[in-house]
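So the structure is just underneath, and the comments pick up after that.
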Amino acid sequence: MQKKCAYESPEMIKLLGTTLRPGGFELTDRGIEVCQWRSDQVILDLGCGQGATMRYLNKKLGIRSVGIDPSEKLIQVARETGDDGDYHIGSGEMLPFDDDSFDGVISECTLSLMDELGTVLSGVHRILKSGGYFFITDVYARKPELVVEVKKDNFRSCMRGLYGLEDIKQQLVKNGFEVVKSEDHSERLSQLMVKIIFEYGSMGIFWQKTGGACAAHFQEALKKCKPGYYMLIVRKVV
Ligand SMILES: C[S@@+](CC[C@H](N)C(=O)[O-])C[C@H]1O[C@@H](n2cnc3c(N)ncnc32)[C@H](O)[C@@H]1O
């Protein structure tokens, strides 16, 4: 059975707008501040969705970034903005770019959607120039020992591929990165949940509208993992 992508659903787009993640551009600004990206650099937006961050980087810093996302629907929306972005349909597990070709990589609420984290991290390491920054925001499990139940569901939201934060850091280090900044921003996720409950009545109704039949078990398993939200900035060191 084909996995569902909740981020293509009209409910999700209506709720989140152009930035399909908790926290909008505020965390992106934290990344820009630490990574000090400039207009002559090339940045990849991994899981670019509708291209909102690419347009933001262009407007704010004059950066012409490259975006990749497996969703033809979201890439079409991005292209229809007429922003002249360099969009590719593809996945993080198979990056179609040359070695050492990017000064920075951004992944906002996308890593947890990818099936093979190790493959993705080694691919990001390969395409980054030495010293290049990898900026990540995403959900994580504050009770990682209970993640196994969530992963049983065939439901494609960014809550599905949860890890504990220490586990993610270890995998990054194993793949040749050093951790530069690690921050907890779980309040962003809580704010989003409050907004969902306000608009839909309950998380359950929202998940059903975006994900379908498996949502009840998914929701129960998810709650037990205590999802939080993190920002990590790492740098390619070897
Ligand atoms: C929560 S949305 C975030 C989109 C965008 N980064 C933003 O913040 O607006 C997750 C995105 O990850 C994409 N995605 C899912 N699986 C992926 C994969 N294997 N490789 C790259 N992107 C993926 C989805 O299509 C979706 O656009």
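Position 1 is the first residue of the sequence, and the numbers go up from there. Remember, it's 1-based here, ligands and their atoms both numbered in the order they're listed. Values below: all heavy atoms of this structure, side chains included; hydrogens, waters and symmetry mates excluded. Owing to the predicted nature of the structure, the values given are computational and were not obtained by experimental measurement.
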Worksheet item: Is any side-chain N of the basic residue among K14 and E11 closer than 4.0 Å to the acidic one's carboxylate O?
Response: no
Fill in: Per-atom contacts, ligand 1 versus S91 - under 4.0 Å to a heavy atom
19 (N), 20 (N)
Discussion item. Is the ring pair F134/F177 parallel, tilted or perpendicular, if the boundaries are 30 and 60 degrees?
Written reply: tilted
Item to complete: Kindly confirm or rule out an N or O of M114 lying under 3.5 angstrom from an N or O of ligand 1.
Response: no
Discussion item. Less than 4.0 angstrom from a charged side-chain N to a carboxylate O is my criterion; do D100 and R126 meet it?
Written reply: no
Worksheet item: Is there at least one pair of N or O atoms, one from C48 and one from ligand 1, spaced under 3.5 Å apart?
Response: no
Discussion item. With a 3.5 Å distance limit and no angle check, can you tell me whether D103 reaches the backbone of V42 through a side-chain donor-acceptor pair?
Written reply: yes
Worksheet entry | Closest to atom 14 (N) of ligand 1 (judged by heavy-atom distance), picking from P70, G51, G67 | P70
Worksheet item: Heavy-atom distance under 4.5 Å between the side chains of T110 and D138, does that happen here?
Response: no
Worksheet item: Taking the non-hydrogen atoms of A52, is any one of them nearer than 4.0 angstrom to ligand 1?
Response: no
Worksheet entry | Any N or O of D69 closer than 3.5 Å to N or O of ligand 1 | yes
Discussion item. Side chain or backbone, does G92 bring an N or O within less than 3.5 Å of an N or O on ligand 1?
Written reply: yes
Worksheet item: Should the proximity of L74 to ligand 1, defined as any heavy atom under 4.0 Å, be assigned to the side chain, the backbone, both, or neither?
Response: side chain
Worksheet item: Going by an N to O cut-off under 4.0 Å, is there a salt bridge joining R21 and E108?
Response: yes
Item to complete: Give yes if a backbone or side-chain nitrogen or oxygen of D45 is under 3.5 Å from a nitrogen or oxygen of ligand 1, and no if not.
Response: no
Fill in: No-hydrogen, no-angle side-chain donor-acceptor test under 3.5 Å, D184 and S186
yes
Worksheet item: Near T110, which atoms of ligand 1 are under 4.0 Å from a heavy atom of that residue?
Response: 6 (N), 10 (C), 11 (C), 12 (O)
Fill in: Short side-chain to backbone donor-acceptor contact, R235 and G132, under 3.5 Å
no
Worksheet item: Do Q41 side-chain atoms and R38 backbone N/O form a donor-acceptor pair below 3.5 Å?
Response: yes
Response to the item:
Note: ligand 1 atoms sitting under 4.0 Å from heavy atoms of L113 are 10 (C), 11 (C), 12 (O), 15 (C), 16 (N)
Discussion item. Would T19 count as being in polar contact with ligand 1, using the rule that some N or O on each side must be under 3.5 angstrom apart?
Written reply: no
Item to complete: Establish, yes or no, whether a centroid distance under 6.0 Å links the rings of F102 and F97.
Response: yes
Worksheet item: Atoms of ligand 1 less than 4.0 Å from S71 heavy atoms?
Response: 25 (O)
Fill in: Atom indices of ligand 1 within 4.0 angstrom of R21 heavy atoms, with elements
7 (C), 8 (O), 9 (O)
Worksheet entry | Side chain, backbone, both or neither: the part of E93 lying under 4.0 Å from ligand 1 by heavy atom | side chain
